[in-house]
Amino acid sequence: MNAHRRADVSRNTAETQIRVILDLDGTGQQQLNTGVPFLDHMLDQIARHGMIDLQVQASGDLHIDAHHTVEDVGITIGQALAQAIGDKKGIRRYGHAYVPLDEALSRAVIDFSGRPGLEFHVPFTRSMIGGFDVDLTHEFFQGLVNHAHMTVHIDNLRGVNAHHQCESVFKAFARALRMAVERDDRAAGRIPSTKEAL
């Protein structure tokens with residue numbers, strides 16, 4: 001296991017320039033500047049409820065739309081998670097959480113399986129949250145899952161207010177992530193798999 005579970009990852013393309021610094025053993029501190037205010041608000045949920053120190057600096061082609069920026073931030077956070085967690089020895093591996101936000105209720109279940117997979121079932125009640133296209137929520141998580149090599153199931157079980165739906169999703173993901181990356185003292189540094197590889 002990476003004794004210092006930190007990562008510093010940059011991703012530079014013709015569409016975006018992104019840097020992510022994270023510490024899995026942090027206290028929820030964050031510095032977020034993606035140019036997409038609602039995304040910053042959601043990333044704050046990951047930091048605070050996941051107890052992850054998270055810095056994200058992004059510059060993207062927002063004159064087109066937010067798609068490339070949101071997706072690439074997800075990709076870069078996924079790469080940083082993979083780097084920080086290292087060989088996965090001694091982690092719990094699995095995490096799950098139900099989180100309510102007023103009338104909305106969401107569930108997230110995580111497996112650091114080494115196999116990217118996303119099941120995303122969020123019936124948003126409207127297509128935009130302010131200036132944020134709700135379709136980009138799926139793009140964010142798809143990019144993250146693919147590059148963190150995680151299996152993630154996300155379900156919004158009920159909700160009327162789209163902001164509440166989305167925020168409860170991010171909070172549930174954060175809580176599940178916190179559980180999955182937690183050190184398991186009884187695991188004695190073993191990889192949590194009968195394959196002895198993840």
Contacts of Ala180 meeting side-chain contact (heavy atoms from CB on, under 4.5 Å) (sequence neighbours excluded), chain-then-number -> Ile110, Phe112
Taking every heavy atom of Ala97 against every heavy atom of Ala176, the minimum-distance pair comes out as CB-N, 3.8 Å
In terms of heavy-atom contacts, Ala82 and His149 come closest through CB-CD2, 4.5 Å
| message | Atom CZ of residue position Arg19 - does it have more than 12 heavy atoms of other residues, nucleotides or ligands inside 6.0 Å? | response | no
Correct closest heavy-atom pair for Ala80 and Val20 would be CB-CG1, 3.9 Å
So does Glu15 get a backbone contact from the side chain of Thr13, meaning a donor-acceptor N/O pair under 3.5 Å? yes
- Query: Quick one: do Glu167 and Lys171 make a salt bridge, cutoff under 4.0 Å?
  - Reply: yes
Closest non-hydrogen contact found for Asp40 with Thr34 is OD1-OG1, 2.7 Å
Which donor-acceptor pairs under 3.5 Å do side chains of residues 140-148 form with protein atoms, sequence neighbours excluded?
unit_1	atom_1	unit_2	atom_2	d
Gln142	NE2	Asn146	OD1	3.1
Asn146	ND2	Gln142	O	3.3

Enumerate, atom names and distances included, each donor-acceptor pair closer than 3.5 Å involving a side-chain atom of residues 126-138, sequence neighbours excluded.
unit_1	atom_1	unit_2	atom_2	d
Arg126	NE	Met128	O	2.8
Asp133	OD1	Asp135	N	3.0
Thr137	OG1	Val134	O	3.0

- Query: Is there side-chain contact between Val109 and Val152, with heavy atoms separated by less than 4.5 Å?
  - Reply: no
Minimum side-chain heavy-atom gap Gln165-Val169 below 4.5 Å = no
Practice prompt. State, with a plain yes or no, whether a side-chain heavy atom of Ile91 is found less than 4.5 Å away from one of Asp184.
Written response: no
The complete set of side-chain hydrogen bond (donor to acceptor under 3.5 Å, both in side chains) pairs with one or both residues in residues 100-114, sequence neighbours excluded, reads Arg93-Asp111, Tyr98-Arg107, Glu103-His164, Ser106-Asn156, Ser106-Ser168, Arg107-Asp155, Ser113-Thr151
_For a 4.5 angstrom cut-off between non-hydrogen side-chain atoms, does Asn161 reach Leu101?_
no
Under a plain distance cut-off of 3.5 Å, with no hydrogens placed, do His121 and Glu119 share a side-chain donor-acceptor pair?
yes
| query | Do Arg11 and Ile75 come within less than 4.5 Å of each other through their side chains, counting heavy atoms only? | reply | yes
May I ask you to test the Met42-Cys166 pair for a side-chain heavy-atom distance under 4.5 Å?
yes
| said: Check this for me, if you would: do Arg6 and Asp25 make a salt bridge, where the nitrogen-to-carboxylate-oxygen distance has to be below 4.0 angstrom? | reply: no
Between Ala58 and Ile18 the two heavy atoms that sit nearest each other are CB-CG1, 3.8 Å
So the ring pair (Phe, Tyr, Trp, His ring centres under 6.0 Å) pairs with at least one residue in residues 51-91 (sequence neighbours excluded) are none
I'd like a table of donor-acceptor pairs (distance under 3.5 Å, sequence neighbours excluded) in which one partner is a side-chain atom from residues 45-56, with atom names and distances.
unit_1	atom_1	unit_2	atom_2	d
Gln45	NE2	His41	O	3.1
Arg48	NE	Asp44	OD1	2.5
Arg48	NE	Asp44	OD2	3.0
Asp53	OD1	Thr27	N	2.9
Asp53	OD1	Gly28	N	3.2
Asp53	OD1	Gln29	N	2.9

Next on the checklist: Tell me whether the count of non-hydrogen atoms from other residues, nucleotides or ligands lying under 6.0 Å of CD in Gln31 goes above 12.
Outcome noted: no
Minimal heavy-atom distance between Ala66 and Val36, with the atoms involved, is CB-CG2, 4.0 Å
